Trainee: 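Here it is, the structure, as structure tokens.
Letters go in sequence order (proteins before strands), and every chain restarts at 1. A quick note: this is a predicted structure, and the numbers were derived from the prediction, not measured.
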Number of protein chains: 2
Amino acid sequence: MTTHDNDAFKPIATVDLAIFSLSPDGLSVLLVRRANAPFSGEWALPGGWIHINEDADLEAAARRVLKEKTGVETPYLEQLQTRGSRGRDPRGWSISIVYIALLSADDVAERQDEMAGEAEWRLIEGEGVGLSLAFDHLSLLKEALGRIRSKVEYSSLPGHLLPARFTLSELQSVYEHLLGRKLDKSAFRKRVAEADFLERIEGEMRRASNRPAQVFRLKDTRSLALFDRTI
Amino acid sequence: MTTHDNDAFKPIATVDLAIFSLSPDGLSVLLVRRANAPFSGEWALPGGWIHINEDADLEAAARRVLKEKTGVETPYLEQLQTRGSRGRDPRGWSISIVYIALLSADDVAERQDEMAGEAEWRLIEGEGVGLSLAFDHLSLLKEALGRIRSKVEYSSLPGHLLPARFTLSELQSVYEHLLGRKLDKSAFRKRVAEADFLERIEGEMRRASNRPAQVFRLKDTRSLALFDRTI
DNA sequence: CTAACTTAGTTGAAGATTTACACTAAGACT
DNA sequence: AGTCTTAGTGTAAATCTTCAACTAAGTTAG
């Protein structure tokens with residue numbers, strides 16, 4: 001045991017984030033360009049060392065990184081997976097604890113300026129971003145996409161990407177975009193009603209040159225509601 | 001960045017395992033009694049430091065710990081969750097990457113002797129094990145149980161706890177035990193057939209003082225099959 | 001002012017699936 | 001030969017899904 005109190009035997013540990021939002025063209029992920037070696041100049045998922053004096057726990061570390069890169073404090077955040085191996089970082093045996101964050105369209109709109117230069121939204125294209133990434137981050141991104149696409153089938157996940165207030169048609173449209181297929185309107189509304197994760201905003205209507213639509217918000221912006229069956 | 005090349009800033013990292021098997025009375029988890037501080041003498045999930053010279057990656061570290069404690073080499077193994085915080089280990093900021101392993105009843109029977117003394121199977125009772133555990137291991141065990149019970153609803157998970165060869169009635173009985181409720185026989189068989197994770201062993205029958213039953217085995221002992229709907 | 005247009009939201013018939021339970025099958029035991 | 005037990009299948013009724021039409025409520029054009 002004492003041999004491992006010697007820090008030379010400790011792996012390196014970082015927290016990395018796959019931060020998603022909806023851009024006009026679809027799902028996007030936040031990437032940063034690395035300033036230092038290794039992989040200097042390449043794109044990567046935002047991340048950082050655990051600051052053992054500052055971070056109380058892993059989720060706090062993830063929230064700190066998120067705040068630093070986006071200014072957002074309270075998104076949907078979930079732990080995805082932990083990768084660790086001898087070869088993934090040329091500096092030595094390294095561990096990365098990876099989180100998924102979903103940003104509301106409101107958050108993205110409000111903080112557009114805070115992010116300038118250091119980070120950039122990249123549209124998701126199929127399994128990736130049409131770009132190679134530093135470390136094993138492309139593989140991590142694929143894993144994150146798999147998790148997200150899977151959860152769209154049976155959870156309220158897409159609601160966390162919209163602005164705080166939205167209509168059922170808008171919500172359905174995000175589901176359809178992420179699933180890549182059309183959904184039946186009445187079946188969709190039945191699922192959403194059963195899962196009971198929306199709060200109707202009394203009297204608030206979205207108006208256009210057609211029948212006005214009821215506006216809703218999530219009952220809980222920090223957690224997902226699960227459906228009994230797939231959407 | 002250079003400040004963090006100083007190892008004093010690295011957290012401690014261990015891999016811990018929630019290893020499950022079926023004992024005559026139901027689902028059991030393997031616990032070890034700690035020989036050293038902290039929590040000396042208390043029960044804990046088996047685990048150990050990552051050996052950066054020996055383990056190629058996290059899963060290899062988990063398999064090594066599993067082999068050391070049980071002698072088993074190829075069980076079902078999945079990453080559950082990673083915990084990390086300042087306070088969970090009195091020695092300092094620590095990370096635990098937790099895996100779930102499911103042992104076939106055959107594996108347990110064959111290695112009964114190899115485990116003597118150092119480790120012990122404890123029956124699961126409700127949310128825990130009727131015992132307090134070292135570190136945050138009770139909370140980790142609860143998390144593992146939640147994952148397992150959830151997966152019983154929509155996957156072939158219980159098949160990995162049985163001996164290599166089993167009948168459909170035996171399989172159904174494990175589902176029922178883990179779910180805590182009875183299942184309809186024809187519905188159960190329909191789901192199992194659809195998910196297509198069993199291989200019928202031609203000509204092999206389980207005989208007793210009643211109609212003989214067809215014997216099956218898992219097509220793949222390393223991965224779970226998922227159902228389209230809940231069982 | 002009215003009719004046409006657009007999207008919101010609901011309804012219902014036809015088809016598919018699930019559920020509950022009974023029925024048949026194949027052996028051992030008496 | 002008859003009874004008992006568990007394996008495995010069949011089926012009618014109830015429920016859920018699908019698909020498409022329908023009604024609702026506004027704006028816009030003439």
Trainee: Please give, in whole Å, the distance from D:dT6 C1' to B:Q172 CD?
Mentor: 12 Å
Trainee: Thinking salt bridges, do B:E153 and B:R181 make one under a 4.0 Å N-O criterion?
Mentor: yes
Trainee: Tell me: CE of B:M205 to C1' of C:dA28, nearest whole Å?
Mentor: 16 Å
Trainee: Is B:R207 near enough to C:dA26 that one of its side-chain N or O atoms lies under 4.0 angstrom from OP1 or OP2?
Mentor: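 No, no such contact exists.
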Trainee: I'd like to know if A:S209 reaches the base of C:dC5 with its side chain, counting only an N/O donor and acceptor under 3.5 Å.
Mentor: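 Checked by distance alone, the answer is no.
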Trainee: In terms of side-chain heavy atoms of A:P212, which of D:dA25, D:dT5, D:dA20 is nearest?
Mentor: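 Closest of the options to the side chain of A:P212: D:dA25.
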Trainee: Whole angstrom is fine here: how far is it from CG in B:L183 over to C1' in C:dT19?
Mentor: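 Those two atoms, CG and C1', are 12 Å apart.
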Trainee: Give a yes or no on whether A:K67 atom NZ has more than 12 heavy-atom contacts from other residues, nucleotides or ligands under 6.0 Å away.
Mentor: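 Counting other residues, nucleotides and ligands, NZ of A:K67 stays at 12 neighbours or fewer.
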Trainee: When you check the gap from the basic side-chain N to the acidic O, do B:R33 and B:E42 get nearer than 4.0 Å?
Mentor: no
Trainee: Give the rounded distance in Å between these two atoms: CZ of A:F166 and C1' of C:dT7.
Mentor: 18 Å
Trainee: Counting heavy atoms from C-beta on, name the nucleotide in D:dT17, D:dT6, D:dG8 closest to the side chain of B:N210.
Mentor: D:dT6
Trainee: Ignoring hydrogens and angles, are the base of D:dA25 and the side chain of A:R211 linked by a donor-acceptor pair under 3.5 Å?
Mentor: no
Trainee: When the nearest nucleotide of DNA chain D is assigned to B:Q214 and to B:R229 on a heavy-atom basis, which residue is associated with the more 5' position?
Mentor: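 Between the two, 5'-proximity favours B:Q214.
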Trainee: Using modelled atom types only, decide if a donor and an acceptor are shared between the side chain of A:T82 and the backbone of A:I97 within a distance under 3.5 Å.
Mentor: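 Between the backbone of A:I97 and the side chain of A:T82 there is no qualifying donor-acceptor contact (under 3.5 Å).
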Trainee: Nearest to the side chain of B:D184, heavy atoms from C-beta on, is which of C:dA20, D:dT9, C:dG9?
Mentor: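 Selected nucleotide (nearest to the side chain): C:dA20.
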Trainee: Just to be sure I understand the rule, does A:R206 reach a base, reach only the sugar-phosphate, or reach nothing, if contact means heavy atoms closer than 4.0 Å?
Mentor: nothing
Trainee: Taking atom P of D:dT6 as reference, at what distance in whole Å does atom NZ of B:K185 sit?
Mentor: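 Roughly 10 Å, once rounded to whole Å.
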Trainee: In whole angstrom, give the distance that lies between atom CZ of B:F188 and atom P of C:dT19.
Mentor: 14 Å
Trainee: In whole angstrom, give the distance that lies between atom CZ of B:R191 and atom P of D:dG8.
Mentor: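 The answer, rounded to whole Å, is 19 Å.
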Trainee: Looking only at the side chain of A:S169 (C-beta and beyond, no hydrogens), which of the listed nucleotides C:dA8, D:dT17, D:dA7 gets closest?
Mentor: C:dA8
Trainee: Would you mind reading off the distance between A:L168 atom CG and C:dG9 atom P, rounded to a whole angstrom?
Mentor: 6 Å
Trainee: Name the residue closer to the 5' end of DNA chain C, choosing between A:V215 and B:A187 according to the nucleotide with the nearest heavy atom.
Mentor: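 On the 5' side of the pair lies A:V215.
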Trainee: Does any N or O donor sit under 3.5 Å from an N or O acceptor when you compare the side chain of B:S186 with the base of D:dG10?
Mentor: yes
Trainee: Hey, could you give me the CG/CG distance between A:L198 and A:L168, rounded to the nearest 0.5 Å?
Mentor: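 The CG atom of A:L198 sits 6.5 Å away from the CG atom of A:L168.
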Trainee: At 4.0 Å (heavy atoms only), tell me whether B:K190 reaches a base, stays on the sugar-phosphate, or touches nothing.
Mentor: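 Sugar-phosphate contact only.
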